[in-house]
Q: 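Got a structure here, written out as structure tokens. Questions coming.
Excluded from the calculations below are hydrogen atoms, water molecules and symmetry mates; all remaining heavy atoms, backbone and side chain alike, are included. Letters A, B, ... mirror the listed sequences (proteins, then strands); counts begin at 1. From a predicted model like this one, the values you see are computed outputs, not experimental measurements.
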Amino acid sequence: MFRPVPTRPDLVAMEHEILEQWRDRATFSRLRAQNAGGPHWSFLDGPITANNPMGVHHAWGRTYKDLFQRFHAMLGEDQRWQNGFDCQGLWVEVNVERDLGFKSKRDIEAYGIAEFVSLCKQRVLTYAARQTEQSIRLGMWMDWNDPDELRRLRDLLAADPQQLTTTQGPDGPITDTVEMLVGRLGMPDLGGSYFTFSNENNDLIWGFLRECHKRGWIYKGHDSMPWCPRCGTGISQHEMTEGYQDREDPGLTVRFPLVDRPGESLLVWTTTPWTLAANVAAAVGPDIEYVRIRQGDASFWIGKGTLKQSARGTFEVVESKKGSELVDWRYTGPFDDMPAVRDAFAKGTRDDPGSPYVHRVVPWTEVGEDEGTGIVHIAPGAGAEDFQLGKSLGLPVIGPIDESGRYYAGFGWLSGREASGQAEAIVEDLERRGYFYHLEPYTHRYPHCWRCGTPLLFRLVDEWFISMGQVYDQPRDTLTPAQKAASLRYQIMDIVDEIRWIPGFGYERELDWLMNMHDWMISKKRYWGLALPIYDCQNCGTYDVIGGIDGLEERALEGWDRFKGHTPHRPYIDEVTIRCSGCGEPVKRIPDVGNPWLDAGIVPFSTIHFREDKEFWEKWFPADFITESFPGQFRNWFYAMLAMSTVLRKTAPFRTIFGYGTLIGEDGRAMHKSWGNSIEFDEAAERMGVDVMRWLYTAAKPEDNILFGWHTADGARRRLLVLWNTYSFFVTYARLAGWTPAGATAASTPMDRWILSRVAGLAAAVEDRLQDVDPAAAARLIDAFIEDLSTWYLRLSRRRFSRNDDAADRAAAFSTLHATLAALARIVAPILPFLSDSMYGNLVAAFDDSAPDSVHLTRWPTQELAGFVDPALETAMATARRVVDLTRTLRGTSGLRVRQPLARMWLAIPGADVGQVEGLLELIAEEVNVRHIERIDDESALVDRRIKPLLPKIGKRLGAAIPAVMAAAREGAFEVHPDGSVTLGGVTLAADDVEIQATPRPGTAVAHDEGLVVVIDTELTPELRAEGDARELQRAIQDLRKDAELDLDARIELWIDGLPAEVEPHLVSVARETLADRVTRGRPATGSDATTGSVELTNGTVTIGLRGISGPTAA
RNA sequence: GGGGGAGUAGCCCAGUUGGUUAGAGGCGCCGAGCUUAUACCUCGGAAGUCGGAGGUUCGAGUCCUCCCUCCCCUACCA
């Protein structure tokens, strides 16, 4: 017997049961063993940052990852099943700092870098364990580490990183120091997830950087770069994603008094008053017209086109000059008395190093008049464009702020103050000293730190870059091999061409990024991350890039013993010095760590054992498939992998990339804890169930955002409940009938053959959609099938399961539904791993010892089911359903409920379907409760005709005559000729220029749809009415049974009072249908425990009473 | 600032090379029906200046111009 299935499922409890079952039966490892050695399918997991518990947005991508892995496993394909954790970088540092209450890098230095780095590692292990548990809960099958083991390593690491410990690898125990074991996680001998902080990962990045250096692409840049004063590090262009936010800054106009033109000043506008102390020049557009305006005693130079926005109060234009005429005018800066400014100016310019520099007007073609005064404040030490301009003119540079964003010494009262907070003080100071002109708030988009949200400043720094090569001013396909060889970006583009991007716009977006990206800034002035293997000689300027730890040992001059036994992280790695290859002096490693996308970009190599197992690598590289959320990844993970793979192997690291959008709250806003629209993964899993979540994600259009919330989930759950109810129905009646599966599927009726054909087609179609990476389409197909199964097959077949004296027919029905549900369980298995396995276990595994004990160990069923496919039957059934729909509509509009039998209906069916539909007439008759169906060939006697001119065909030809033709068609003013042509509105149209449609004649019940015409006979005889009344009575009794909460098979005692005579003959069958063993005339005795009710019939009201007859099956 | 996309019913949104009565689907609402698997399903209904203004055309949600709003990509213009 089947295990009973409740009508209202507890999906969450069921999921926990299945999880336990998988664990107890080692289902996953048996799947891996089963597919080992088969054709392989290579999935590469994009690492999830192990820095926090995973969120519902991660569950979206992880659903895709799991469903495709499971699907390919059902195709018998061997896989690596390796999850990845992203471990290094500012993400983790910022959280550890926060936990410790640190405010700046000085706090970290004081705390100790070794201890800080250890805490970062510990945090990663904590959340890797947590995310592992959550992913398992999601049903994600991967080669997971034991979360408790990860936490054990974390605790040992905290206690003493150098203690020895043993952990279990796939091929036996491994013993090493805790620190080194942690550094070896994910390697073949340890198994489990890969961790980007691993020794191997770091080492291979060194190799990559060495390769870049060999080609001359690594360089040190000196520039004004975006800088986060809180994090104390530069922010690369690659990291600017989502870094722009609206911000209100002071829009300050200041006066720069001209040295040689007494009483006259330049007016200059800035939104960053803190940079005024670094002012070196004022730029004008050489071709812009400037005017001098007089206001009181003073007069000001200003761009003519900016007068409206910049000049305040009344003024008089007294003079006009072109920008080029202003060039070289000298002016007094507002902070000229500061030592730092004096020192910088004392050295003079590049072209005139002898004499001290004085602020002056310089030409710059970029100057515009849309904003500001048309005269631009230039501070090369505090702005990227300023720096470039200053460099080209050889101007002095003043770098005003240190790494925490405070003014250096030499800036008078500003020294030591935070630059970002000085606007007000500077304005006051300028006002007092007569440099102030005007101030008003200005809102604009301003870059912020992507990690901590602090507004970025531009700061003079040395950073390390990988050159991406020049951009040629010519189409890509006209580039010569030599040009490509010289420019990495074009080499990457060629790789991008080889990849299938889903959705397609990803391809253009990646190319766009590659075309516009700047050089890759790989350095970060922080602590936790890849130690950049760059050794920059302070003596001679030579820099070496070391290609691996082994290479470092060879070159090590001093400190190797202090590093040995540690993972290649700060501070230990910093101990090692090498001999400069240029001058022989000892050189230290630059203190910078690496851009974290180097860590993730190398994984197609590091995690597929590029170095330690070439054969393995050749087999699994490139990955067949990766999938990640789009935002940011074009410049991050996708980019990093492409760049690194291009350099190392000149091949694509993956063949297909499937991207998806962003998950936001149900209210259409980003999920935010304080907005109350945020849902934690754990809460979602335990309240809605993960199959519901997985269905929601699978059915979503990947390129759109998902509005995630409890209501969205309700929609998904509803679909799953329909499936569940079908399953529950089957089990309920199979148990009642004592039916169990045996032998081959025995379909008998067209209905049986139809549903089997449908499920067979579904298997093939879903396979096709999943092969083509279109999970949403697969979900739609499944959704439509569940609807067909429930509202058509089952709805029309119910009686065959419950009150069927024909044993063979009943067995056929059970056999068909069983086969259908068993096949469906396998088809939905990749998407709904829990529900499917629960169904499969009960329906199949429990009865068939030769079948695998989990649906996930079965093969995709397309081939097995192929014999059931019957397209002609499916087409006919679609027609039959349409007929039923039309008939229901007719009944609705005629006020004839379906319970009321009708004598007959007429049906016209387009030729092609006739043969097949003929066999379904009985089915239609039963479903719409009509005694006889008459087929008619020509419906003209029953309907009016209407002409629909086919506008796309005739529109161009007739032009202005169209309105008249259409009006005639609407009014029915047309004449049909024997040859099928039609005259209307003064025009004759050929037969194929029009469509003739049937339309109901007033007073008749006719419906039509694409040639299908249905007419019902609305005449009711007394006999038909009596029969309708009987069904009405029966319905009322069944309702009462439900009210009385009786079991489906409970026998009852029935009281009937006031039954009209004409319904009397039907009472026996009513009693039979309602399982009434005893029928008493009159009402139940007062005080009886019977349930009572009444029903309106055509000729009077009937009172009903009923009561369960006590017995083993009574409630 | 530059590039791209989108604005259609209370909401999420389809709408094919321009075709006259704007609607495929989903949610919500209203009404009815069906049902001893289904507090489920089916059928029907209401409601829209198709972001705004012009233009091309016999005819525009669809094509063109300008404007408004939102989103995405990109960007230190001061």
Side-chain angles (χ1 to χ4, degrees), chain A residues 5 7-8 224-226 237 240-241 244 251 268-272 275 282-283 364 366-368 370-379 382-387 444-447 456-458 505 508-509 512-513 516-517 630-631 634-635 661-662 668 699 701 704-705 707 711-712 714-715 718 721-722 724-733 780 787 790-791 794-795 798 801-802 884-885 888-893 895-899 949-956 958-967 969-970 1034-1035 1037-1042 1046-1050 1073-1075:
Chain A
V5 173
T7 312
R8 307 274 300 158
S224 269
M225 293 287 294
Q237 183 205 14
M240 290 296 236
T241 327
Y244 284 83
V268 171
W269 183 69
T270 181
T271 57
T272 51
T275 64
W364 191 29
E366 298 299 306
V367 175
D370 296 340
E371 283 174 325
T373 61
I375 305 177
V376 179
H377 153 56
I378 300 296
E385 289 187 319
D386 307 43
F387 184 86
H444 59 157
R445 300 271 289 168
Y446 193 84
L456 300 180
L457 304 172
F458 281 78
F505 64 75
E508 280 84 31
R509 203 178 277 186
D512 184 61
W513 163 251
N516 294 302
M517 69 179 174
F630 268 152
F634 291 99
R635 50 166 65 186
T662 305
K701 275 164 71 178
D704 286 355
N705 295 336
L707 274 58
H711 292 101
T712 319
D714 274 343
R718 234 193 310 265
L721 283 183
V722 175
W724 180 273
N725 284 323
T726 321
Y727 163 58
S728 164
F729 171 92
F730 170 81
V731 169
T732 302
Y733 284 97
R780 273 196 302 277
E787 173 135 349
S790 170
T791 66
L794 207 50
R795 179 190 159 77
R798 265 182 310 221
F801 295 91
S802 54
V884 170
D885 277 351
R888 286 209 193 108
T889 304
L890 285 180
R891 277 182 168 275
T893 53
L896 295 166
R897 49 183 53 164
V898 177
R899 274 199 295 275
L950 298 174
L951 275 165
K953 295 185 79 167
I954 63 168
K956 283 277 178 297
L958 297 183
I962 290 290
V965 171
M966 296 311 291
R970 271 195 297 274
Q1034 181 181 321
R1035 171 94 283 282
I1037 295 169
Q1038 302 290 26
D1039 273 346
L1040 271 191
R1041 283 183 61 109
K1042 207 177 205 171
L1046 293 172
D1047 275 355
L1048 293 189
D1049 53 351
E1073 289 294 324
T1074 57
L1075 305 183

Q: Determine the contact category for A/Gly955: base if any of its heavy atoms lies under 4.0 Å from a base atom, sugar-phosphate if only primed atoms, P, OP1 or OP2 are that close, otherwise nothing.
A: base
Q: Scan A/Thr270 against the nucleic acid and name what it touches under 4.0 Å (heavy atoms): base, sugar-phosphate only, or nothing.
A: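 The answer is sugar-phosphate, as A/Thr270 gets under 4.0 Å only of primed atoms, P, OP1 or OP2.
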Q: May I ask you to evaluate whether A/Arg445 reaches the phosphate of B/C77, defined as a side-chain N or O under 4.0 Å from OP1 or OP2?
A: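 Answer no for this pair, as no side-chain N or O of A/Arg445 is under 4.0 Å from OP1 or OP2.
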Q: Check the angle between the aromatic planes of A/Tyr733 and A/Phe729 and answer parallel, tilted or perpendicular using the 30° and 60° thresholds.
A: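 Answer is tilted, since the angle falls between 30° and 60°.
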Q: Which nucleotide in the list B/A75, B/U35, B/A78 gets nearest to the side chain of A/His377?
A: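 Taking heavy atoms from C-beta onward, the closest nucleotide is B/A78.
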Q: Quick check: on RNA chain B, is the nucleotide nearest A/Arg899 upstream (toward 5') of the one nearest A/Pro963, or the reverse? Name the residue that is more 5'.
A: A/Arg899
Q: Please classify the nucleic acid contact of A/Leu721 as base, sugar-phosphate, or nothing, using heavy-atom distances under 4.0 Å.
A: nothing
Q: Between B/U42 and B/U69, how far apart are the C1' atoms? Round to whole Å, please.
A: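 40 Å, rounded to whole Å.
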Q: Quick one: pull up CZ in A/Arg635 and CD in A/Gln237 and give me the separation to the nearest 0.5 Å.
A: 6.0 Å
Q: Classify the side chain of A/Ser790 versus the base of B/A37 as yes if they form a donor-acceptor pair under 3.5 Å and no if they do not.
A: yes
Q: In whole angstroms, how far is the P atom of B/C77 from the CD1 atom of A/Ile378?
A: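 Nearest whole value for this atom pair: 14 Å.
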Q: What integer number of Å spans the C1' atoms of B/U8 and B/G51?
A: 10 Å
Q: Between B/A78, B/C41, B/A37, spot the one nearest the side chain of A/Leu794, thanks.
A: B/A37
Q: Figure out the CD1/P separation between A/Ile954 and B/G59, and round it to whole Å.
A: 16 Å
Q: Identify which nucleotide among B/A78, B/U20, B/A75 has an atom closest to any side-chain atom of A/Val376, counting heavy atoms from C-beta outward.
A: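 Looking only at heavy atoms from C-beta outward on A/Val376, the closest nucleotide is B/A78.
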Q: Once you apply a heavy-atom cut-off of 4.0 Å, does A/Glu787 come out as touching a base, just sugar-phosphate, or nothing?
A: sugar-phosphate
Q: For B/U62 versus B/G15, give the span between their C1' atoms, rounded off to a whole number of Å.
A: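 It comes out at 9 Å once rounded to the nearest Å.
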Q: May I ask you to say what A/Ile375 touches in the nucleic acid, namely base, sugar-phosphate or nothing, with a heavy-atom cut-off under 4.0 Å?
A: nothing
Q: Please classify the nucleic acid contact of A/Ser728 as base, sugar-phosphate, or nothing, using heavy-atom distances under 4.0 Å.
A: nothing
Q: What integer distance in Å separates A/Asn725:CG from B/U35:C1'?
A: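 About 12 Å, once rounded to whole Å.
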Q: Rounded to the nearest angstrom, tell me the gap between atom CZ in A/Arg635 and atom P in B/C72.
A: 14 Å
Q: If I pick the C1' atom on B/G23 and the same atom on B/U74, what distance separates them, to the nearest angstrom?
A: 37 Å
Q: Under 4.0 Å, heavy atoms only, any strand: does A/Arg1035 hit a base, just the sugar-phosphate, or nothing?
A: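 A/Arg1035: base contact, heavy atoms under 4.0 Å.
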Q: Does any N or O in the side chain of A/Asn516 come within less than 3.5 Å of the main-chain N or O of A/Asp512, such that one atom is a donor and the other an acceptor?
A: yes
Q: Where the side chain of A/Ile962 is defined as all heavy atoms beyond and including C-beta, which of B/C73, B/A78, B/U20 is the nearest nucleotide?
A: B/U20
Q: Under 4.0 Å between a side-chain N or O of A/Tyr727 and OP1 or OP2 of B/A37?
A: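 No, no such contact exists.
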Q: Could you let me know what B/G28 is paired to, Watson-Crick or G-U wobble, both distances under 3.5 Å, or none if it's on its own?
A: none
Q: Answer whether the closest heavy-atom distance between the side chains of A/Leu794 and A/Phe801 falls below 4.5 Å.
A: yes
Q: Just verifying a value: how many Å separate A/Thr662 OG1 and A/Leu707 CG, rounded to the nearest 0.5 Å?
A: 11.0 Å
Q: A/Met966 has an atom CE; how far is it from atom P of B/U21, in whole Å?
A: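 It works out to 7 Å between those atoms.
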Q: Answer with base, sugar-phosphate or nothing: what part of the nucleic acid does A/Gly372 contact at a heavy-atom distance below 4.0 Å?
A: nothing
Q: Please report the interatomic distance CH2(A/Trp364) to CG(A/Asp386), rounded to the nearest 0.5 Å.
A: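 Result: 6.0 Å between the selected atoms.
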Q: For B/C13 versus B/U56, give the span between their P atoms, rounded off to a whole number of Å.
A: 34 Å
Q: Provide, to the nearest angstrom, the distance between the NE2 atom belonging to A/His711 and the P atom belonging to B/C29.
A: 10 Å
Q: Under 3.5 Å for both donor-acceptor distances, Watson-Crick or wobble: does B/G48 have a partner, and if so which one?
A: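 Result: none.
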Q: Please give the distance between the P atoms of B/G28 and B/C41 as a whole number of Å.
A: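 After rounding to an integer number of Å, I get 9 Å for this pair.
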Q: May I ask you to say what A/Val367 touches in the nucleic acid, namely base, sugar-phosphate or nothing, with a heavy-atom cut-off under 4.0 Å?
A: base
Q: Can you tell me how far C1' in B/G18 sits from the matching atom in B/C64, rounded to whole Å?
A: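 About 13 Å, rounded to a whole number of Å.
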Q: Rounded to whole Å, how long is the line connecting atom CG of A/Asn705 with atom P of B/C70?
A: 17 Å
Q: Could you give the distance from CE (A/Met966) to CG (A/Leu951), rounded to the nearest 0.5 Å?
A: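 Here the interatomic distance stands at 4.5 Å.
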Q: Tell which nucleotide pairs with B/U69, taking only Watson-Crick or G-U wobble pairs whose two distances are both under 3.5 angstrom.
A: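 B/A6 - that is the nucleotide pairing with B/U69, both distances being under 3.5 Å.
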Q: Which of these nucleotides, B/A37, B/U74, B/G28, is closest to any side-chain atom of A/Arg718?
A: B/G28
Q: Roughly how far apart are A/Ile962 CD1 and A/Ile954 CD1, rounded to 0.5 Å?
A: 4.0 Å
Q: How far, in whole Å, is B/C77 from B/U16 if one measures between their C1' atoms?
A: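 Rounded to whole Å, the distance is 44 Å.
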Q: Rounded to the nearest 0.5 Å, how far apart are CZ of A/Phe458 and OG1 of A/Thr272?
A: 10.0 Å
Q: Considering only B/A78, B/U38, B/C58, which nucleotide approaches the side chain of A/Thr7 most closely?
A: B/U38
Q: Could you tell me whether the phosphate oxygens of B/G3, OP1 or OP2, come under 4.0 Å of any side-chain nitrogen or oxygen in A/Arg509?
A: no
Q: Please report the distance, rounded to the nearest Å, between CG in A/Asp714 and C1' in B/G26.
A: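 One finds 14 Å between C1' of B/G26 and CG of A/Asp714, rounded.
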Q: Has the side chain of A/Arg798 got a donor or acceptor atom sitting under 3.5 Å from an opposite partner on the base of B/U38?
A: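 Counting by modelled atom types and ignoring angles, a donor-acceptor contact under 3.5 Å is found here.
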Q: Have a look at A/Tyr733 and say if it touches a base, only the backbone sugar-phosphate, or nothing, with a 4.0 Å heavy-atom cut-off.
A: sugar-phosphate
